[in-house]
Each structure stands twice: as structure tokens, then as C-alpha cells.
> 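Mind having a look at this structure? Questions to follow.
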Protein chains: 2
Amino acid sequence: MLIGDVAKQSGLTVDTLRFYEKIGLIAPPMRNDGGRRVYGEDVLGWIKFLEQLNATGMKQADRIHYAALRQQGDATLSERREMLELHRETIKEQLALMQDTLALMDRKVAAYQEMEAKAKGH
Amino acid sequence: MLIGDVAKQSGLTVDTLRFYEKIGLIAPPMRNDGGRRVYGEDVLGWIKFLEQLNATGMKQADRIHYAALRQQGDATLSERREMLELHRETIKEQLALMQDTLALMDRKVAAYQEMEAKAKGH
DNA sequence: GCTTGAGCTGGAGTGCACTCCAGCTTGTAG
DNA sequence: CTACAAGCTGGAGTGCACTCCAGCTCAAGC
């Protein structure tokens, strides 16, 4: 897989892929004879996971730290587990906030509808 | 209420409050004889609501648009309702993603624990 | 063998959302 | 009456996470 294929399949741009490599989010892949990046299939799963951490609010610096640990292999398992456990808690907090806000949206929408109906009544 | 009190009670900084005023998120408050901003209590509720929109991923530009509509009064009720309904849908999507990712964290943490236990076994 | 598209590097530029600063005025406490 | 904390304005600076660019090489089709 060349970088363009990864871009297409992951939804990231080639610039972003190279940028992620530069900052250590993605391990530098092998190169072919022409010096081009050749990725294994597994990078797609990793990118998807990164996106999930991203979308649930994990900071770049933490994702980079996690990526570095992952590259170091099994010796870092417990630290990675701790990071995920911490992140799990922040997700739970965000979930609660989302649910609160969703309920608030419902109340506000209902209130607005009522006010609109009354305004029409006149 | 002077700006410092609002800062303390809202958790925003005075700089952020003036910045929010500049970009139209907060209506310019009255001034006292010395030219200082005097806020009503209601600004606190409004800021809390803004923070909630913020924390659930609404973009600055949209919050500004909503704030502008709010300032225009009842004539904009239906447009505001539409915005909130749209935002409600994006919150729902984010909720689903959060729940997925939470489940993923659980699975990963469990897998890591198992691997750590096995490593210890040897 | 030449065109055209994809990839390469190093570095500059962008957009967002603040955050800080200089130099000034105002208000309160001793 | 004098510190000194808090507020004011306009504008510059920051940090994050990309995004784009110039100038080059490489690969595939006609």
C-alpha cells in the first residue's frame, strides 16, 4: 500500500499521514526501491483507533505518548492500560455532559415550539 | 456585577469575556459612570449554555450566529429552534461514538490485563 | 522517450480560539 | 492623599493541528 491508498482508505490526506509520521503518531513505514512509503494493512486499524481517541477528546500529546509506548512493545502494556483507563473515565464524563445537553436541547426545542405556536395564535 | 465577578462565577477569564463580547457571543453590557462593564445576573446562565454548546462540539461561528439570533428577539425563534434541532442530531451521533469508544476501551483494558497476567505467569 | 500523476523533503502558511501586553483610567482602603 | 487592585482599549502573540507549497524524483501508459 502506498500513501495515496492509505489516504483513500483512511479518509486522512497524504499530508496528514506524513505529518502524523513526523510527530510520531504513525511508525515510519518501510520504503520501496524508489524511496516511497509502503504501508502494511494494519496501519488502517491503527489510524481508525487514533481517530476514535481523537474524536473522544484525547489530546495530540497523549496520543503521541500512547503511540510511542505501543512502538516499544509489551513492556509498556500496563502503562497503556492505565492511559486507556484514564481516558475511559473522561469519556464517561463527556457522555454524561452529552446526555445532559441532549436533554437540554429537547427542553429548549419544545419550549420554542410552544412559543412559536402561541405567537401564531394571535 | 463587574467583569471580574462574572469571571469568578463563570470560570472564564476577563480576557475571554471581553473577547466573547468582541466576537458577538455576549451582548455588550451597560457601563457605569467610570466606563466599566456592568453585567446582569442572566449573563451567567447564558455563558453556561454557551459552554455546553461548546463542550458538545458546536463551532464558534455557529455559536456566534445563535447569539446574534437571540439578540434579535422572538422573530428568530424558529431559526434558533432549527439550529438546536440540528445540534441535537450531532450530539446523538457523538453519543453513539462515545459509547462505541467506551466499549472499545473496556475491551482493550480487559485484553491488556489478561496479557499482563500471562506475562506474570512465566 | 515523453508526458502525466503520484510521491518525496523541508519549510512556510492557515484557522481557530483564545491569551497576553502596554499604557492608560478608575475606585477603594489605610 | 496615596498606593494599588481592577478595569479599559487596541493590537500583538500563542498553541494546536493541520495544510499548502516549491522544487525535486519516480513510475506507468502511449
Side-chain angles (χ1 to χ4, degrees), chain A residues 1-41 43-44 46-68 87 90 94 97, chain B residues 1-41 43-44 46-68 87 90 94 97:
Chain A
M1 274 183 121
L2 295 179
I3 198 166
D5 304 313
V6 178
K8 239 164 257 164
Q9 289 182 54
S10 69
L12 300 179
T13 66
V14 296
D15 274 317
T16 300
L17 287 168
R18 285 191 289 244
F19 168 70
Y20 277 9
E21 181 180 329
K22 186 160 64 186
I23 64 174
L25 271 182
I26 294 177
M30 298 292 106
R31 300 296 182 111
N32 65 15
D33 289 358
R36 298 184 173 185
R37 292 169 177 81
V38 179
Y39 295 87
E41 296 291 326
V43 80
L44 294 173
W46 172 237
I47 290 169
K48 197 182 165 207
F49 180 58
L50 283 177
E51 291 288 285
Q52 226 155 330
L53 293 181
N54 200 7
T56 51
M58 188 185 279
K59 281 188 187 165
Q60 194 82 298
D62 290 342
R63 297 213 302 288
I64 291 168
H65 183 53
Y66 186 91
H87 187 54
T90 75
Q94 286 182 83
L97 180 65
Chain B
M1 273 183 121
L2 295 180
I3 198 166
D5 304 313
V6 179
K8 239 164 257 164
Q9 287 182 55
S10 69
L12 299 179
T13 66
V14 296
D15 274 318
T16 300
L17 286 168
R18 286 191 288 243
F19 169 71
Y20 276 8
E21 182 181 330
K22 187 160 65 185
I23 64 174
L25 271 182
I26 295 177
M30 298 293 106
R31 301 295 182 110
N32 66 15
D33 288 359
R36 297 183 175 187
R37 290 169 179 81
V38 179
Y39 294 88
E41 296 291 325
V43 80
L44 294 174
W46 172 237
I47 290 170
K48 196 181 165 209
F49 180 57
L50 283 176
E51 291 289 283
Q52 226 155 330
L53 293 181
N54 200 6
T56 52
M58 188 185 278
K59 280 187 187 168
Q60 194 82 299
D62 290 343
R63 298 213 302 287
I64 290 168
H65 184 54
Y66 187 91
H87 188 54
T90 75
Q94 286 183 82
L97 180 65

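FYI, side chains are in, hydrogens and waters are out, and symmetry mates aren't considered; it's all heavy atoms of this structure. What you are looking at is a predicted structure, and each value in this text was computed from that prediction instead of being measured. Proteins get letters first, then strands, A, B, ... in listed order; numbering begins at 1 in each.
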> When you match B:T16 and A:R37 each to their closest nucleotide on DNA chain C, which lands nearer the 5' end?
A:R37

> Please list every donor-acceptor pair under 3.5 Å in which a side-chain atom of residues 14-22 of chain A meets a protein atom from a residue at least two apart or in another chain.
| residue | atom | partner | partner atom | Å |
| --- | --- | --- | --- | --- |
| A:T16 | OG1 | A:T13 | OG1 | 2.9 |
| A:E21 | OE1 | A:R37 | NE | 2.7 |

> Using a cut-off of strictly less than 4.0 Å between a heavy atom of the residue and any atom of DNA chain C, enumerate the qualifying residues of residues 3-11 of chain A by number.
A:I3, A:G4

> Measure the distance from CD on B:E21 to P on C:dC18 and round it to the nearest whole Å.
15 Å

> My understanding is that only residues two or more places apart in sequence, or in another chain, count here; which of them pass side-chain contact (heavy atoms from CB on, under 4.5 Å) with A:L44?
A:M1, A:V6, A:Q9, A:S10, A:E41

> Could you list the protein-to-nucleotides 14-17 of chain C atom pairs, N/O on both sides, closer than 3.5 Å?
| residue | atom | partner | partner atom | Å |
| --- | --- | --- | --- | --- |
| C:dA17 | OP1 | B:Q60 | N | 3.4 |

> Would you list the protein and nucleotides 21-23 of chain C atom pairs, both N or O, that sit under 3.5 Å from each other?
none

> Can you tell me how far the CD1 atom of B:I47 sits from the CG atom of B:N54, to the nearest 0.5 Å?
12.0 Å

> Using whole Å, what does the distance between atom C1' of nucleotide C:dA12 and atom NZ of A:K22 come to?
10 Å

> Taking side-chain hydrogen bond (donor to acceptor under 3.5 Å, both in side chains) as the test, write out the residues that go with A:T56, two or more places apart.
A:H87

> How is B:L2 classified with respect to the nucleic acid when contacts are heavy atoms under 4.0 Å: base, sugar-phosphate, or nothing?
sugar-phosphate

> How long is the line joining CE of A:M30 and C1' of C:dC8, in whole Å?
17 Å

> List, one per line, each side-chain donor-acceptor pair under 3.5 Å for residues 24-35 of chain A, sequence neighbours excluded.
| residue | atom | partner | partner atom | Å |
| --- | --- | --- | --- | --- |
| A:R31 | NH1 | A:G35 | O | 2.8 |
| A:N32 | OD1 | A:G34 | N | 3.0 |
| A:N32 | OD1 | A:G35 | N | 3.1 |
| A:N32 | OD1 | A:R36 | N | 2.9 |

> Sort and list the pairs that fulfil salt bridge (charged side-chain N to carboxylate O under 4.0 Å, His left out) and have at least one residue in residues 46-68 of chain B, not counting sequence neighbours.
none

> What residues form a ring-ring contact (aromatic ring centres under 6.0 Å, His included) with B:Y39, not counting sequence neighbours?
none

> Report each atom pair, protein N/O against N/O of nucleotides 25-29 of chain C, whose distance is under 3.5 angstrom.
| residue | atom | partner | partner atom | Å |
| --- | --- | --- | --- | --- |
| C:dT26 | O4' | B:R36 | NH2 | 3.4 |
| C:dT26 | O2 | B:R36 | NH2 | 2.8 |
| C:dG27 | OP1 | B:G34 | N | 3.4 |

